[in-house]
Amino acid sequence: LAKTTQPISMDSYEGQEVNITCSHNNIATNDYITWYQQFPSQGPRFIIQGYKTKVTNEVASLFIPADRKSSTLSLPRVSLSDTAVYYCLVGESGGYNKLIFGAGTRLAVHP
Amino acid sequence: NAGVTQTPKFQVLKTGQSMTLQCAQDMNHNSMYWYRQDPGMGLRLIYYSASEGTTDKGEVPNGYNVSRLNKREFSLRLESAAPSQTSVYFCASLGPNEQFFGPGTRLTVL
């Protein structure tokens with residue numbers, strides 16, 4: 001199982017770009033990298049998934065270097081509503097496997 | 001589509017009591033998962049299931065049993081609740097790219 005390591009917490013201000021990096025040194029060839037967001041008292045929800053290079057959707061971008069041993073979630077122009085915990089997971093996309101969450105990164109966005 | 005539903009939303013038990021947490025999904029997903037989340041912590045995998053009749057242990061299976069009744073339903077049972085099992089329990093199902101989570105069950109064991 002590919003273990004992930006993220007910063008425990010980050011602080012930012014409204015309107016700034018936030019980059020959260022996740023390390024996954026023993027990622028396997030078939031593994032994808034998936035990021036989730038969790039608000040208090042709610043279950044996590046999917047943000048973005050990628051395999052290599054760069055993926056962008058309407059809420060975030062995901063940057064994955066060629067060696068795939070890390071990934072960076074980029075949130076452009078954050079607002080107060082982006083205050084949440086962000087989790088990085090590694091595993092086969094859609095595949096049945098032991099999906100383990102790490103401790104996540106607690107992002108606080110300040111006015 | 002209701003997505004992933006969980007019942008009950010809240011439950012208070014006394015030490016030694018038993019109960020079953022129910023989870024159902026209407027997205028025709030094969031794989032389902034049970035996690036627990038203690039205050040201020042990340043999610044920890046309890047059990048997961050690939051299909052009806054198939055279950056596997058996660059990170060913290062002790063004190064729990066599960067049943068994959070059919071493709072839709074995956075239940076979690078506490079046979080003899082302990083205060084250490086006070087937590088929020090999330091059920092999830094796995095789609096083509098992502099997991100879909102239920103709203104959670106907040107369980108307190110006194």
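Throughout, a chain's letter reflects where its sequence line sits, starting with A, and its residues are numbered from 1.
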Worksheet item: Quick check: are there more than 12 heavy atoms from other residues, nucleotides or ligands sitting under 6.0 Å from CE of B:M41?
Response: no
Chain A shares the most heavy-atom pairs under 4.5 Å, among B:F90, B:F101, B:Y35, B:F100, with B:F101
Linked, directly or transitively: A:M10 and A:V59 (ILVMFWY side chains, under 4.5 Å)
yes
Co-membership, hydrophobic cluster, residues A:I47 and B:V4, 4.5 Å side-chain
no
I'd like to know whether CD1 of A:I8 has more than 12 heavy-atom contacts from other residues, nucleotides or ligands below 6.0 angstrom. no
Query raised in the report: What about B:Y33 and A:L89, same hydrophobic cluster or not, with Ile/Leu/Val/Met/Phe/Trp/Tyr joined at side-chain heavy-atom distances under 4.5 Å?
Result: yes
Between B:E59 and A:I100 the two heavy atoms that sit nearest each other are CG-CD1, 3.3 Å
### Query
When you look at CZ of A:R45, are more than 12 heavy atoms from neighbouring residues, nucleotides or ligands closer to it than 6.0 Å?
no
- Do other residues, nucleotides or ligands put more than 12 heavy atoms under 6.0 Å from A:Y13 OH? no
Bottom line for B:R44: the part with an atom under 4.5 Å from chain A's heavy atoms is neither
For A:Y87 and B:Q37, the nearest pair of non-hydrogen atoms, with its separation, is OH-NE2, 3.2 Å
- Item | B:E98 side-chain N/O to A:F46 backbone N/O, donor-acceptor pair under 3.5 Å | no
When every non-hydrogen atom of A:S41 is compared with those of B:R106, the smallest separation belongs to OG-NH2, 3.5 Å
Less than 4.5 Å apart, any side-chain heavy atom of B:Y48 and any of A:L99? no
Turns out that what part of B:Q99 lies under 4.5 Å from chain A's heavy atoms comes down to both
Bottom line for B:L43: the part with an atom under 4.5 Å from chain A's heavy atoms is both
